[in-house]
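Report on one structure; see the data block that follows.
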Number of protein chains: 2
Amino acid sequence: MENDLGHELTRAVLTTADTFLREGQRLFRRHGLTAAQYNVLSLLATGPADGMSQRELGDLLVVDRSNVTGLVDRMEKAGWVRRADDPQDRRVYRVQLTAAGRRLWSEVAPLYAQVVAQVTAALSESQARATLKVLHKLQEGAVAWELPE
Amino acid sequence: MENDLGHELTRAVLTTADTFLREGQRLFRRHGLTAAQYNVLSLLATGPADGMSQRELGDLLVVDRSNVTGLVDRMEKAGWVRRADDPQDRRVYRVQLTAAGRRLWSEVAPLYAQVVAQVTAALSESQARATLKVLHKLQEGAVAWELPE
DNA sequence: AATAGATTGTTGACATCGCAACAATCGAGG
DNA sequence: CCTCGATTGTTGCGATGTCAACAATCTATT
């Protein structure tokens with residue numbers, strides 16, 4: 001494959017993701033949420049009932065755990081999550097949704113699903129599957145690279 | 001198209017872009033660059049010889065012009081760019097590459113090209129073209145959405 | 001049991017980002 | 001020529017992100 005096409009493809013991936021994030025922010029904003037906070041909400045709403053540690057959240061969000069501190073701080077202040085002590089390990093908090101958090105999730109999740117439906121409306125199923133396969137290959141290629149000297 | 005597939009697809013776009021950014025940061029870091037700074041370098045290196053205004057840079061980077069202030073500040077301090085006065089308009093600076101900036105670009109650009117080549121190595125040309133088409137459709141879908149209410 | 005080595009969450013320094021408000025400047029219409 | 005609306009770059013605030021360093025705590029090994 002020639003290189004110009006590769007450049008165009010990687011650029012398209014980046015700008016498409018950027019557009020998604022931008023539009024997502026606009027959607028969540030009316031509910032006082034940011035994209036990162038929506039992701040936390042989503043993880044907690046579909047995860048184990050007793051919540052998750054900040055470390056787990058960081059891993060699943062693919063961010064450093066130091067980020068999770070402030071993220072949870074702000075969501076706790078907003079009343080959507082709570083830090084419960086872990087009975088097994090005194091180093092960790094179990095971050096859990098509050099009733100208000102669950103309520104917010106039930107409002108926002110359908111909205112997001114609707115946006116996803118609209119964004120992907122113009123695609124056939126086979127196109128979607130083929131694109132998924134390509135994206136996975138791209139990710140493997142990026143990870144496989146491993147920083148040569 | 002069913003919605004689970006749509007969710008998977010949008011998530012794949014976001015995580016793939018995230019991986020690219022992460023690996024890109026690792027690459028640029030050894031040269032003291034960030035991804036945003038690499039983009040500025042690229043725009044200036046391939047753009048008009050008398051440089052670009054901060055407004056133009058912001059438009060092309062798809063970021064608010066207030067971001068460009070700090071970005072150019074740091075690159076100016078590093079000696080890679082310079083703010084020249086615009087002879088036509090006293091409000092604007094023409095941001096230009098310095099000799100050091102051009103030197104840096106000549107080091108970093110081939111590296112980046114090599115990474116792109118490697119990341120896209122596993123793809124056929126037809127796959128790449130099909131994926132490009134899908135990504136464009138996704139972007140149109142996101143932009144077309146236009147915040148109901 | 002005691003110690004050495006991981007792990008967890010926090011903090012501080014720095015770089016992007018968006019948004020809103022400002023002063024300086026431009027440009028068009030009277 | 002002069003005023004009024006638009007544009008440019010800057011600044012301040014808040015959110016997200018990385019990385020490095022720390023204290024508290026776990027865990028495994030002796």
Side-chain angles (χ1 to χ4, degrees), chain A residues 14-15 17-41 51-78 80-81 83-95, chain B residues 14-15 17-41 51-78 80-81 83-95:
Chain A
L14 290 170
T15 60
D18 203 61
T19 305
F20 282 3
L21 277 178
R22 215 171 290 276
E23 297 301 318
Q25 292 279 17
R26 277 174 57 198
L27 171 65
F28 299 138
R29 198 171 168 188
R30 286 184 290 174
H31 299 266
L33 270 180
T34 65
Q37 293 171 8
Y38 170 83
N39 287 328
V40 172
L41 218 58
M52 315 180 51
S53 75
Q54 299 187 185
R55 159 72 163 170
E56 289 175 292
L57 284 174
D59 283 352
L60 292 171
L61 296 169
V62 198
V63 301
D64 193 90
R65 52 187 206 289
S66 61
N67 275 312
V68 182
T69 299
L71 200 45
V72 171
D73 279 352
R74 287 180 286 273
M75 296 182 73
E76 197 175 28
K77 190 178 295 179
W80 298 323
V81 304
R83 278 179 167 105
D85 288 324
D86 184 307
Q88 259 76 53
D89 190 333
R90 293 170 52 194
R91 291 172 302 178
V92 351
Y93 291 123
R94 317 253 9 131
V95 182
Chain B
L14 290 171
T15 61
D18 203 59
T19 304
F20 282 3
L21 278 178
R22 212 170 293 276
E23 297 302 317
Q25 293 279 15
R26 276 174 58 199
L27 170 66
F28 300 137
R29 197 170 169 188
R30 288 182 290 173
H31 299 267
L33 269 181
T34 65
Q37 291 170 9
Y38 170 83
N39 286 328
V40 171
L41 216 57
M52 314 179 50
S53 74
Q54 300 187 187
R55 159 72 163 171
E56 288 174 292
L57 284 174
D59 283 352
L60 292 171
L61 296 169
V62 197
V63 300
D64 192 90
R65 53 187 206 290
S66 62
N67 285 314
V68 181
T69 300
L71 200 45
V72 171
D73 280 350
R74 286 179 285 273
M75 296 183 72
E76 196 174 29
K77 188 179 299 180
W80 298 322
V81 304
R83 278 179 166 104
D85 290 323
D86 185 306
Q88 258 76 54
D89 189 334
R90 293 171 53 194
R91 292 170 302 177
V92 352
Y93 291 123
R94 318 258 3 137
V95 182

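Order of the sequence lines sets the chain letters (A, B, ...), proteins ahead of strands, with each chain counted from 1. Note that the structure is a prediction, hence the values are computed from the model and not measured.
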Round to the nearest Å and state the distance from A/Arg90 atom CZ to C/dT10 atom P.
16 Å
Side chain to side chain, A/Trp80 and A/Leu33, heavy atoms closer than 4.5 Å
yes
Whole-Å distance between D/dG9 P and B/Arg83 CZ?
9 Å
For B/Asp89 and C/dG27, what is the distance between atoms CG and P respectively, to the nearest whole Å?
6 Å
Treat primed atoms plus P, OP1 and OP2 as sugar-phosphate and everything else as base, then score nucleotides 12-19 of chain C 5' to 3': B for base contact with protein heavy atoms under 4.0 Å, S for sugar-phosphate contact only, - for none.
---SSBBB
Under 3.5 Å, is there a donor-acceptor pair between the side chain of A/Arg94 and the main chain of A/Asp85?
no
Expressed as a whole number of angstroms, how long is the span from B/Leu27:CG to D/dT18:C1'?
17 Å
According to the salt bridge (charged side-chain N to carboxylate O under 4.0 Å, His left out) rule, which pairs have a member within residues 61-75 of chain A, sequence neighbours left out?
A/Asp73-A/Arg83
Separation of B/Asp85 atom CG from D/dT8 atom C1', in whole Å?
13 Å
Value in whole Å for how far the C1' atom of D/dG9 lies from CZ of B/Arg94
14 Å
Along DNA chain D (nearest heavy atom to each residue), the more 5'-positioned of A/Gln25 and A/Gln88
A/Gln25
Would you kindly give the CG-to-P distance between B/Asp86 and C/dT25, to the nearest whole Å?
14 Å
Using side-chain heavy atoms (C-beta onward) and a distance below 4.5 Å, is B/Leu71 in contact with B/Leu61?
yes
Is it the case that D/dT8 (base atoms only) and B/Arg55 (side chain only) share a donor and an acceptor within less than 3.5 Å, ignoring hydrogens and angles?
no
Option from B/Val95, B/Thr34, B/Val81 for which side chain to side chain contact (heavy atoms under 4.5 Å, CB included) with B/Met75 holds
B/Val81
Under 3.5 Å, side chain of A/Glu56 to main-chain N/O of A/Ser53, donor-acceptor pair present?
yes
Considering only side-chain heavy atoms of A/Gln54, which listed nucleotide, C/dG9, D/dT11, D/dT25, is closest?
C/dG9
Measure the distance from CG on A/Leu21 to C1' on D/dG17 and round it to the nearest whole Å.
13 Å
Please determine if B/Asp86 and B/Arg90 form a salt bridge, counting it only when a charged side-chain N lies under 4.0 Å from a carboxylate O.
no
